[in-house]
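Note that the coordinates shown come from a computational prediction; the quantities given were computed from them, not determined experimentally.
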Amino acid sequence: MAEEKGNGEGLLTTYTFNAGDIPVMIRITKIASDYVPQYQISIPMLAEGTKIMLNALKADLITQVKLDVAELIDPKQAAEVKRKFEQKAGELLTKQFTGVSADKRPVLISYLMQHTLGLGELEILLADESLEDIAINGPNEPIWIYHKTFGWCRTNLWIKKDETIYEYASMVGRKTGRQINVLNPIMNSYLPDGDRVNATLNPISAFGNTMSIRKFAKNPWTMPYLIQVKTINPEVAGLIWLCIQNEISLISSGGAGAGKTSFLNAMCCMIPPNQRIISIEDTRELTLPEYLHWVPMTTREANPEGKGEVTMLDLLVNSLRQRPDRIIVGEVRRQREAEVLFEAMHTGHSVYATMHADNAEEAVIRITTPPINLPKTMLPSLGGIITQFRNRRSGIRRTFEFAEITEKGDANVVYRWDPKEDILRQVGETTRLAEALMLYTGMTPKEMKEDVADKSKILKWMVDKKYFDINIVGKVSADYYMRPEEIMDAAKKGRPWA
């Protein structure tokens, strides 16, 4: 992705990327009379007249490719369906666009594919890795996007018909066995690559049909990357690594969009490779290193007759029968889920989960009051709570607190973010964690500090070497468990490893 930045008002930035085989240019601008930036899309190789001609070919393409509905919605046949469409699209273009240049031909085919098998103009937004969310608020205003750097922006894309929004939502739903119609005007689904989709129909949404897409991270965050962007410091990251290595259960909390699930993903990259992991989510968001012994599971909604539902509780109870060493839960919301989760901790399983709470004390209150309402005596099986914070004005994300859980079930905050200095400060001492590590590993408080210091050094080394990829970070972690002296020697001498 090529990028050029500007300052203040006017041009904020420009960059390019490819959506399939289509080269796309993005300009983000800001003017004084508008409250939000403008996200402007242009496709240099596709003139408006060309788009009109290609859209006229869509019906011919769909008609000439002989497929039934089962083939279109079966993810296992997606590659073959795509191949058939590409072949037929090429034949149609040869007839209709005589003399088209070789470099432009893939662009035209990609455009046709996106507007027959895909979500049309939305495919461009889905291809932009700088975006977190895509929001269609109805046919009366342009599409909005949430940019990782500039926050909410208006785009120059506009879906001007309710019927088109409904068609896109229906297409997404069919591929995941979900329906959206007058009787079921709200749909939660996902795209094949994991992007979460929510859709509503008028009159539930007063201004028309809506569709929101929360983009799935193609390159999940890792702990070295979070250190690089100052979300967390190496010392606290090293302490979390020590907890994960020694099977201490943790909860990642935070507000909506604070990054709690992304942080959970980053933590779980450090799970030893010789252990079985079961993850349970409403929608697939987690991506773990490819070598891990990992079984991802997702819930399923009931069909229109109210049958076939598989809840998070069903999966949680079932996971305990699969001999997991580690259980990862997307989000804890209900009492029964929390009861099973904490029972799993009591029976020797390491559990990692997320929860909506703005600080560690609030997380404890949420767990011990309705609707979760667990007795406080169950909390000491949890090792710690890490809270994530997001400043919506500036867009920065920070680890706000790291707190251990005391024997009485209270939160003892050990580290807290200082917003004035923008650093994580130590504000307390670990007591319960130190006792647990001493009990189960024989580590003294001094050895614990030395181990955290070693892990911090390794994490700094990974930052220096730009080891941010999830599989590279996972490999270094796995090699550390097998050959700690060799990894430490490489970190101290600054030698490459992965």
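Atom OH of Tyr291 has more than 12 neighbouring heavy atoms from other residues, nucleotides or ligands inside a 6.0 Å radius. A 6.0 Å sphere centred on CZ of Arg27 holds no more than 12 heavy atoms belonging to other residues, nucleotides or ligands.
The closest side-chain heavy-atom distance from Val473 to Met223 is not below 4.5 Å.
The aromatic rings of Trp144 and Trp152 sit perpendicular to each other, their planes meeting at more than 60°, with 30° as the lower class boundary. Relative orientation of the Tyr225 and Phe468 rings is perpendicular, given thresholds of 30° and 60° on the angle between their planes. Between His147 and Tyr15, the two ring planes are tilted [angle within 30° to 60°].
Counted by atom type alone, Asn188 and Asn198 present one or more donor-acceptor pairs between their side chains at under 3.5 Å. Between the side chains of Thr311 and Asp314, at least one donor N or O lies within less than 3.5 Å of an accepting N or O. At a cut-off of 3.5 Å, with distance as the only test, no side-chain donor of Thr399 or Thr231 sits close to an acceptor on the other residue. When only modelled atom types and interatomic distance are considered, Tyr481 and Asn274 share no side-chain donor-acceptor pair under 3.5 Å.
A side-chain contact (heavy atoms from CB on, under 4.5 Å) with Arg397 holds for exactly one of Lys230, Arg390, Gln388, Lys260; it is Arg390.
Of all heavy-atom pairs between Glu121 and Tyr168, the closest is N-OH, 4.3 Å. The two residues Glu337 and Met312 have their closest heavy-atom pair at OE2-CB, 3.6 Å.
Taking NZ from Lys215 and NZ from Lys148, the interatomic distance works out to 7.5 Å, rounded to the nearest 0.5 Å. For the atom pair CD1 (Ile28) and CD1 (Ile41), the distance works out to 10.0 Å, reported to the nearest 0.5 Å. Taken from NZ in Lys460 to CG in Asn233, the straight-line distance is 9.0 Å, to the nearest 0.5 Å.
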| said: side-chain hydrogen bond (donor to acceptor under 3.5 Å, both in side chains) for Thr387 and Asn359? Distances and angles first, verdict last. | reply: CA-CA 6 Å; Thr387 306; Asn359 55 57; over 6 Å; no
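Arg326 places a side-chain N or O within 3.5 Å of a backbone atom of Ile244 that can act as its donor or acceptor partner.
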